[in-house]
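Note sheet for the following structure.
In the text below, chain A, chain B and the rest are named by the order of the sequence lines, each starting its count at 1.
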Number of protein chains: 2
Amino acid sequence: MGLTKTEIYTDRQNEIASFAKVIAHPARVAILQYLLKHEQCICGTLVEEIGLAQATISQHLKELKSVNLIKGNIEGTSVCYCINLNVYKKIQKLFNELLGRDIKLNNNC
Amino acid sequence: MGLTKTEIYTDRQNEIASFAKVIAHPARVAILQYLLKHEQCICGTLVEEIGLAQATISQHLKELKSVNLIKGNIEGTSVCYCINLNVYKKIQKLFNELLGRDIKLNNNC
DNA sequence: TAGGTATATTGCAATATTACGATTAACTAA
DNA sequence: TTAGTTAATCGTAATATTGCAATATACCTA
């Protein structure tokens with residue numbers, strides 16, 4: 001136990017959950033917001049901006065990279081991170097399918 | 001440690017992360033999809049549909065209720081669950097701010 | 001080559017999550 | 001009142017997440 005039973009869900013359900021998990025931490029939300037505003041950044045800037053240890057920020061960047069939401073280009077001693085547009089758009093689409101409905105209440109709840 | 005430092009983030013960042021966390025499990029995605037399709041349901045139906053133990057489904061429903069994304073009305077021996085439209089719309093808005101941007105790539109990444 | 005800078009990785013402790021059996025609570029019907 | 005139904009809660013085991021110090025890696029410059 002303690003392990004999600006991924007095999008009983010559809011690929012799409014697992015995919016949505018995976019992307020949501022990446023966004024499910026305020027530090028990673030903060031990183032995404034920073035990248036949306038400034039287009040690119042290096043790890044050190046985020047350490048100053050957010051106020052977590054360098055190891056911790058590096059770990060959060062790794063999770064964002066794990067679903068390819070961001071990508072990093074090595075530039076000398078530092079790494080320039082930016083949003084991966086294709087994956088960003090994919091998440092947009094997936095989330096919109098689940099959360100973008102125009103619901104009407106016809107039930108008695 | 002092992003505890004998120006919520007105090008260093010904005011309320012909005014924490015809010016987005018909290019809502020994302022609720023969606024960050026395929027069982028809860030499946031529950032939401034079921035509710036979007038059928039408008040309402042009882043716990044027992046989800047147990048059959050999804051294939052997890054009753055206690056587990058009840059726990060997932062509790063998490064969806066914890067952010068008021070769903071609400072439950074007691075109807076005899078069972079509980080009728082449905083989506084809370086106001087909160088659904090709020091999540092729509094919050095996620096759209098973060099993920100609904102029309103980004104253009106002007107950087108060299 | 002040696003020292004400095006930037007990031008990733010490792011190891012660890014604290015806490016959270018997932019899942020389920022067993023039990024409890026609350027209502028319904030015989 | 002008693003038995004059956006439905007859902008919530010409790011307790012527990014397994015695993016995942018968060019955060020950081022310490023260390024490793026990689027590159028740049030003098």
Side-chain angles (χ1 to χ4, degrees), chain A residues 1-9 13-14 17-31 34-35 40-67 70-82 109, chain B residues 1-9 13-14 17-31 34-35 40-67 70-82 109:
Chain A
M1 292 135 224
L3 187 63
T4 301
K5 291 180 157 184
T6 48
E7 71 278 7
I8 67 171
Y9 307 103
Q13 286 165 345
N14 285 315
S18 295
F19 283 129
K21 189 177 279 180
V22 163
I23 297 165
H25 193 288
R28 296 195 288 269
V29 172
I31 291 171
Y34 189 92
L35 281 175
Q40 55 187 44
C41 73
I42 60 171
C43 178
T45 309
L46 295 170
V47 172
E48 288 173 33
E49 279 286 323
I50 296 174
L52 290 173
Q54 181 268 320
T56 310
I57 294 290
S58 192
Q59 208 173 336
H60 284 302
L61 286 168
K62 194 180 178 183
E63 291 196 60
L64 288 164
K65 265 189 295 181
S66 76
V67 295
I70 63 170
K71 51 187 174 181
N73 283 69
I74 297 166
E75 289 188 1
T77 51
S78 60
V79 178
C80 178
Y81 285 101
C82 65
C109 275
Chain B
M1 292 135 224
L3 188 63
T4 301
K5 290 180 154 182
T6 49
E7 71 279 7
I8 67 171
Y9 307 102
Q13 285 164 345
N14 284 316
S18 295
F19 283 129
K21 188 176 279 180
V22 163
I23 298 165
H25 193 287
R28 296 194 289 270
V29 172
I31 292 172
Y34 189 92
L35 282 175
Q40 55 186 46
C41 71
I42 60 170
C43 180
T45 310
L46 295 171
V47 172
E48 287 173 35
E49 279 286 323
I50 297 175
L52 290 173
Q54 182 267 321
T56 310
I57 294 290
S58 193
Q59 209 173 335
H60 284 303
L61 286 168
K62 194 179 178 183
E63 289 195 61
L64 288 164
K65 265 190 294 181
S66 76
V67 296
I70 65 170
K71 53 187 174 182
N73 283 70
I74 298 166
E75 287 189 2
T77 51
S78 60
V79 178
C80 177
Y81 284 102
C82 65
C109 274

Review point. Side chain of B/Tyr81: nearest nucleotide among D/dC20, D/dA8, C/dA19?
Key: D/dA8

Check your understanding: In whole angstroms, how far is the P atom of C/dC20 from the CG atom of B/Leu46?
Key -> 14 Å

Practice item. Please determine if a side-chain N or O atom of B/Lys21 lies less than 4.0 Å away from the OP1 or OP2 oxygen of C/dT17. Key: yes

**Study point:** Separation of C/dA16 C1' from B/Lys5 NZ (nearest whole Å)
**Key:** 18 Å

Practice item. Describe the nucleic acid contact of A/Ala53 in one word from base, sugar-phosphate, nothing, applying a heavy-atom distance below 4.0 Å. Key: sugar-phosphate

Check your understanding: A/Thr77 or A/Thr56: which one's nearest nucleotide on DNA chain C is closer to the 5' end?
Key -> A/Thr77

Review point. Within this structure, what is the CD1-to-C1' distance between B/Ile70 and D/dA8, rounded to whole angstrom?
Key: 13 Å

Study note, to complete from the structure: In whole angstroms, the gap separating P of D/dA7 from NZ of B/Lys65 amounts to 11 Å

Review point. So does B/Gln54 reach the base of D/dA8 with its side chain, donor to acceptor, closer than 3.5 Å?
Key: yes

Point to revise | Rounded distance in Å - NZ (A/Lys62) to C1' (C/dA6) | key: 17 Å

Exercise for review: Select from A/Leu3 and A/Gly76 the residue whose nearest nucleotide in DNA chain D is closer to the 5' end of that strand.
Suggested key: A/Leu3

Check your understanding: Which pair of non-hydrogen atoms, one from B/Gly51 and one from A/Ile8, has the smallest distance, and what is that distance?
Key -> O-CD1, 4.2 Å

Point to revise | Separation of atom CD in B/Glu7 from atom C1' in D/dG19, rounded to whole Å | key: 12 Å

Revision key, fill the gap. Distance col, row B/Leu46:CG vs B/Arg28:CZ, nearest 0.5 angstrom, shows 13.5 Å

Review point. Which class fits the ring pair B/His25 and B/His60: parallel under 30°, tilted 30 to 60°, perpendicular over 60°?
Key: tilted

Check your understanding: Which nucleotide, C/dT18, D/dA21, C/dA22, lies nearest any side-chain atom of B/Arg28?
Key -> C/dT18

Review point. Does the side chain of A/His60 get closer than 4.0 angstrom to OP1 or OP2 of D/dT17 through an N or O atom?
Key: no

Review point. Base, sugar-phosphate, or nothing for B/Ile42, non-hydrogen atoms under 4.0 angstrom?
Key: sugar-phosphate

Exercise for review: Using a 4.0 Å heavy-atom cut-off across all strands, classify A/Leu52 as base, sugar-phosphate, or nothing.
Suggested key: sugar-phosphate

Check your understanding: What integer distance in Å separates B/Ile50:CD1 from C/dT18:P?
Key -> 13 Å

Point to revise | Candidates C/dA8, D/dA8, D/dA7 - which lies nearest the side chain of A/Leu61 | key: C/dA8

Study note, to complete from the structure: Taken to the nearest whole Å, CD/A/Glu75 to P/C/dT7 is 11 Å

Point to revise | Heavy-atom neighbours of B/Glu48 CD exceed 12 at 6.0 Å | key: no

Check your understanding: For A/Ser78 and B/Glu63, take the nucleotide of DNA chain C holding the closest heavy atom to each; which residue's nucleotide lies nearer the 5' end?
Key -> A/Ser78

Study note, to complete from the structure: Winner on side-chain proximity to B/Gln59, out of D/dG19, C/dC20, D/dA8, is C/dC20

Practice item. Compare the minimum distances between each of C/dA19, C/dT7, D/dA7 and the side chain of A/Thr4, then state the nucleotide with the smallest one. Key: C/dA19

